[in-house]
A.B. asks: 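Once you've had a glance at the structure underneath, I'll fire off some questions.
Hydrogens, waters and symmetry mates play no part in the numbers below; they use all other heavy atoms, side chains included.
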Amino acid sequence: MTVSGDPDPTMDAIAQAVTEGRSGDPEDARKQLLALWSEIGVLGDPLHRCTLAHYLADLYADPAQALAWDIRALDAAAAVTEQRVQEHHADLHIAGFYPSLHLNLADNFRRLGSFDAATDHVTAARKHAPNLPDGPYGDTIRAAIDEVGDAIVRKDRTQRASAPGTSV
């Protein structure tokens, strides 16, 4: 729903696919999100593109496939305005997206053994972390940033147990 109460069928469809993917059917969720991506198009609503790509990346266990979608999510975020985010939900801010977006990129680069790129993105995630909300979501992202940062230092390429998509 948007702040004005108007439904956003695309965001609703994304949420439905994400819920399905998290409840054990990642393959069908991927198919749904890929079909939505085709409908949205590369020039479609940046909030839709960012959200869809961010969640679609989590449905791939392969870090190279996830990386491609995480890059799309970060690129789309750069085109999302604060006004557009507020139209969708009054409590959201585009600045709050960046810690998670950079975290995911850092984690994928780390898993691929590209530790310099991983370091750049975990540094960016830390820089944007003050934009995270207080509470469980913000705490989870901050802890994951530290976890990925530590894994980069150790040059550990294994998938984190707490990472999205670990059950994919």
A.B. asks: How many angstroms lie between atom CD of Glu82 and atom CG of Leu92, to the nearest 0.5 angstrom?
C.D. replies: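 Going from CD on Glu82 over to CG on Leu92, the span is 9.0 Å.
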A.B. asks: Mind checking the CG-CZ spacing from Leu74 to Phe97? Nearest 0.5 Å is all I need.
C.D. replies: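 It is 12.0 Å, given to the nearest 0.5 Å.
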A.B. asks: Hydrophobic clustering (ILVMFWY, side-chain heavy atoms < 4.5 Å, transitive) - are Leu34 and Leu67 grouped together?
C.D. replies: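 Same cluster: Leu67 reaches Leu34 through Ile, Leu, Val, Met, Phe, Trp or Tyr contacts under 4.5 Å.
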A.B. asks: Please report the shortest heavy-atom distance between Ala79 and Pro46, naming the atom on each side.
C.D. replies: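 Closest heavy-atom pair between Ala79 and Pro46: O-CG, 3.6 Å.
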A.B. asks: Apply side chain to side chain contact (heavy atoms under 4.5 Å, CB included) to residues Leu101 and Asp70 and explain how you reach the verdict.
C.D. replies: CA-CA 7 Å; Leu101 294 170; Asp70 283 327; 5.8 Å; no
A.B. asks: Quick one: list whatever passes side-chain contact (heavy atoms from CB on, under 4.5 Å) with Gln65, sequence neighbours left out.
C.D. replies: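 Residues passing side-chain contact (heavy atoms from CB on, under 4.5 Å) with Gln65: Tyr60, Asp62.
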A.B. asks: Does the pair Asp146 and Arg142 meet the rule for a side chain to side chain contact (heavy atoms under 4.5 Å, CB included), with working shown?
C.D. replies: CA-CA 6 Å; Asp146 290 341; Arg142 281 185 282 274; 5.6 Å; no
A.B. asks: Once you round to the nearest 0.5 Å, how far does CD1 of Ile94 lie from CG of Leu47?
C.D. replies: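 Rounded to the nearest 0.5 Å, the CD1-CG separation comes out at 7.0 Å.
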A.B. asks: Same cluster for Leu56 and Leu103 if Ile/Leu/Val/Met/Phe/Trp/Tyr side chains link at under 4.5 Å?
C.D. replies: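 Result: no, two separate clusters.
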A.B. asks: Check this for me, if you would: do Lys31 and Asp28 make a salt bridge, where the nitrogen-to-carboxylate-oxygen distance has to be below 4.0 angstrom?
C.D. replies: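 So Lys31 does not pair with Asp28 through a salt bridge.
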A.B. asks: Does the side chain of Gln83 pick up a donor-acceptor pair with the side chain of Glu87 at under 3.5 Å?
C.D. replies: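 There is such a pair between these side chains.
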A.B. asks: For a side chain to side chain contact (heavy atoms under 4.5 Å, CB included) check, start with the C-alpha distance between Glu27 and Leu59, then their side-chain angles and the critical distance, and finish with the verdict.
C.D. replies: CA-CA 8 Å; Glu27 184 60 36; Leu59 295 172; over 6 Å; no
A.B. asks: Same cluster or not: Ile141 versus Phe109, using hydrophobic residues (I, L, V, M, F, W, Y) connected whenever any side-chain heavy atoms lie under 4.5 Å apart?
C.D. replies: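 Result: no, two separate clusters.
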A.B. asks: Not counting sequence neighbours, which residues clear side chain to side chain donor-acceptor pair (under 3.5 Å) with Arg110? List them please.
C.D. replies: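 Arg110: side chain to side chain donor-acceptor pair (under 3.5 Å) contacts with Asp107.
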A.B. asks: Is it the case that one hydrophobic cluster holds both Tyr137 and Tyr55, taking links as side-chain heavy atoms less than 4.5 Å apart, direct or via other members?
C.D. replies: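 As far as the 4.5 Å side-chain criterion goes, Tyr55 and Tyr137 are not connected within one cluster.
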A.B. asks: Shared ILVMFWY cluster between Val148 and Ile71, side chains joined below 4.5 angstrom?
C.D. replies: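 Different hydrophobic clusters.
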A.B. asks: Show me, pair by pair, the donor-acceptor contacts under 3.5 angstrom made by side chains of residues 121-135, not counting sequence neighbours?
C.D. replies:
{"unit_1": "His121", "atom_1": "ND1", "unit_2": "His102", "atom_2": "ND1", "d": "2.9"}
{"unit_1": "Thr123", "atom_1": "OG1", "unit_2": "Thr119", "atom_2": "O", "d": "2.8"}
{"unit_1": "Asn131", "atom_1": "ND2", "unit_2": "His128", "atom_2": "O", "d": "3.3"}

A.B. asks: Search all heavy atoms of Arg49 against all heavy atoms of Leu43 and return the closest pair with its distance.
C.D. replies: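 Distance-wise, the nearest heavy atoms are NE-C, 4.2 Å.
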A.B. asks: Under a 4.5 Å cut-off applied to non-hydrogen side-chain atoms, are Arg111 and Arg160 in contact?
C.D. replies: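 With C-beta onward as the side chain, the pair stays apart.
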A.B. asks: Does Arg157 have any side-chain contact (heavy atoms from CB on, under 4.5 Å) partners at least two apart in sequence or in another chain, and if so, which?
C.D. replies: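 Once residues adjacent in sequence are excluded, the partners of Arg157 under the side-chain contact (heavy atoms from CB on, under 4.5 Å) criterion are Phe115.
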A.B. asks: Roughly how far, to the nearest 0.5 Å, is CZ of Arg30 from CG of Asp25?
C.D. replies: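 Between atom CG of Asp25 and atom CZ of Arg30 there are 9.0 Å.
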A.B. asks: Any pair with a residue in residues 7-45 that passes ring-ring contact (aromatic ring centres under 6.0 Å, His included), sequence neighbours left out, goes on the list, sorted by first then second residue, please.
C.D. replies: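 For residues 7-45: Trp37-Trp69.
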A.B. asks: Pairs in or reaching into residues 36-47: which pass salt bridge (Lys or Arg N to Asp or Glu O under 4.0 Å), with residues at least two apart or in two chains?
C.D. replies: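 Only Asp45-Arg84 qualify under salt bridge (Lys or Arg N to Asp or Glu O under 4.0 Å).
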A.B. asks: Just by distance, do the side chain of His93 and the backbone of Ala95 share a donor-acceptor pair under 3.5 Å?
C.D. replies: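 Between the backbone of Ala95 and the side chain of His93 there is no qualifying donor-acceptor contact (under 3.5 Å).
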A.B. asks: Indicate the atoms forming the closest heavy-atom contact of Ala17 with Ala29, along with that distance.
C.D. replies: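 Taking Ala17 first and Ala29 second, the nearest heavy atoms are O-CB, 3.2 Å.
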A.B. asks: Do you know the tightest heavy-atom contact between Ala73 and Ala53?
C.D. replies: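 Residues Ala73 and Ala53, closest heavy atoms: N-CB, 3.6 Å.
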A.B. asks: For a side chain to side chain contact (heavy atoms under 4.5 Å, CB included) check, start with the C-alpha distance between Arg72 and Leu52, then their side-chain angles and the critical distance, and finish with the verdict.
C.D. replies: CA-CA 9 Å; Arg72 289 179 182 113; Leu52 187 150; over 6 Å; no
A.B. asks: Determine the minimum heavy-atom distance between Ile145 and Pro99, stating which atoms define it.
C.D. replies: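 Residues Ile145 and Pro99, closest heavy atoms: CD1-CB, 4.4 Å.
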